[in-house]
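Before any comments, here is the structure.
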Amino acid sequence: MPIPTSIDRTKIPRHVAVVMDGNGRWAQRQGLKRTDGHAAGEEALVDAAYGALSLGIEVFTVYAFSTENWRRPVDEVRFLMNFNESLLKRRQHELHADGVRMAFSGRRDRRVPRRVLSNMQEAEQLTAKNKKMTLNMAFNYGGRAEIVDAVKKLIDDGVSSAKVDERAIRSRLYHPEFPDPDLVIRPSGEHRISNYLLWQIAYSELVFNDVLWPDFRREHLFDAILEYQLRERRFGGLET
Ligand code: IPE
Ligand code: IPE
Ligand code: MG
């Protein structure tokens, strides 16, 4: 699908963050297993990421596994760990060839299998110098966990309370180099944040739609950007 001419190419958000939600419901509706829905989400991710790349979006963050998703049945969790690992293995070379840097936001703790962590590292290293776009996967990610981890680093760094300000916290988030998301897209009909990027979304524009993630394609990204371009961002100030 070509980029709609109605999109203002001078007002492309720098950072778009998407919640890849609705896989289970998509599968259930077709009489499939929930895990088939996760597998079907791969095509959506790749199409949306290439749509983002075609627009010149700098950072495209996708929520792949939350710190709360460990509450799911062990079989589903195991599937998601293996699936994300195999997705990385299968896709990293293609993404690398297309100039995409891969990054990860989340806790690299012991619950994540070691081979998954080493695959993440491999993809990061392979693509570290790519400049066209960063595909940032929020994996074992929680917004509260990220803030807790930043506070731990502050303490480990011996920062005195007098020196604690927003900059001190921000610089200890998982990827302080990324601009805050301009736009957050939550599909699947849920109207909540689910612990996504809590610090960074303070002034993000939120767009919701009813598409279940496996059906999501770049045209849904384009639609969300059109909606974003109609918004007036004020950041607490007055309209200009
Ligand atoms: C999103 O789809 C994928 C993950 C959370 C890993 P869900 O699995 O949450 O699908 P629904 O919301 O149950 O339909
Ligand atoms: C958010 O979706 C997490 C991911 C998409 C990875 P959830 O399905 O986990 O969110 P809730 O539980 O409906 O809020
Ligand atoms: Mg869900």
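When a ligand or atom number is given, it counts from 1 through the structure's own listing order. Note that the structure is predicted; figures quoted are calculated from it, not measured. Along the sequence shown, the residues carry numbers beginning at 1.
Put simply, part of A64 is less than 4.0 Å from ligand 1, judged by heavy atoms. For R71, the closest heavy-atom approach to ligand 2 does not fall below 4.0 Å. Look at R186 and you'll find a heavy atom under 4.0 Å from some atom of ligand 2. For S188, the heavy-atom gap to ligand 1 stays at 4.0 angstrom or more. Using 4.0 Å as the threshold, R34 has a heavy atom nearer than that to some atom of ligand 1.
Considering both main-chain and side-chain atoms, S66 never comes within under 3.5 Å of ligand 2 through any nitrogen or oxygen pair. Any N or O atom pair closer than 3.5 Å counts here, and L80 shares no such pair with ligand 1.
In this structure, E43 pairs ionically with R217, as a charged nitrogen and a carboxylate oxygen lie closer than 4.0 Å. The pair E205-R234 does not count as a salt bridge, with every side-chain nitrogen at least 4.0 angstrom from each carboxylate oxygen. Salt bridge annotation for E177-R101: present, with a cationic side-chain nitrogen under 4.0 angstrom from a carboxylate oxygen. A salt bridge does not link E190 with R186: none of the charged nitrogens is closer than 4.0 Å to a carboxylate oxygen.
Atom 8 (O) of ligand 2 is flagged as protein-proximal [any protein heavy atom, distance under 4.0 Å].
Close approach of ligand 2 to R72 is summarised as follows: ligand atoms under 4.0 Å from at least one heavy atom of the residue are 7 (P), 8 (O), 9 (O). Counting atoms of ligand 2 from 1 in the listed order, those under 4.0 Å from a heavy atom of S194 are 10 (O), 11 (P), 14 (O). Annotation for ligand 1: atoms under 4.0 Å from non-hydrogen atoms of H38 are 3 (C), 8 (O). Short contacts between ligand 1 and R25, defined as distances under 4.0 Å to a heavy atom of the residue, involve ligand atoms 11 (P), 12 (O), 14 (O). Every atom of ligand 2 is numbered from 1 in the order shown, and the set under 4.0 Å from a heavy atom of D21 is 2 (O), 8 (O). Taking every non-hydrogen atom of V19 and a distance limit under 4.0 Å, the qualifying atoms of ligand 2 come out as 1 (C), 5 (C).
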Checklist entry - After noting the C-alpha distance and the side-chain angles of L95 and T127, does the key distance pass the side-chain contact (heavy atoms from CB on, under 4.5 Å) rule? => result CA-CA 8 Å; L95 289 164; T127 63; 5.6 Å; no
Item to check | Chi angles and distances behind the ring pair (Phe, Tyr, Trp, His ring centres under 6.0 Å) call for F208, H191 | outcome: CA-CA 7 Å; F208 299 94; H191 296 170; 5.0 Å; yes
Next on the checklist: side-chain contact (heavy atoms from CB on, under 4.5 Å) for I57 and H15? Distances and angles first, verdict last.
Outcome noted: CA-CA 6 Å; I57 287 168; H15 183 174; over 6 Å; no
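Atoms NE2 and CG, from H220 and D215 in turn, are 7.5 Å apart once rounded to the nearest 0.5 Å.
In terms of protein heavy atoms, atom 12 (O) of ligand 2 is closest to R192 NH2, 4.6 Å. From the protein, the heavy atom lying nearest to atom 5 (C) of ligand 2 is M20 O, 3.4 Å.
No other N/O/S atom of D21 lies as close to the Mg ion (ligand 3) as OD1 does.
Only the backbone of F65 comes within contact range of ligand 2, with a heavy atom under 4.0 Å; no side-chain atom does. Contacts with ligand 1 closer than 4.0 Å are made by no heavy atom of L212, backbone or side chain.
Of the possible polar contacts, none joining the Y174 side chain to the A150 backbone as a donor-acceptor pair under 3.5 Å is found. In this structure, the side chain of N69 engages the main chain of S66 through a donor-acceptor pair within 3.5 Å.
Shortest non-hydrogen contact noted between A103 and E124 is CA-CG, 4.5 Å.
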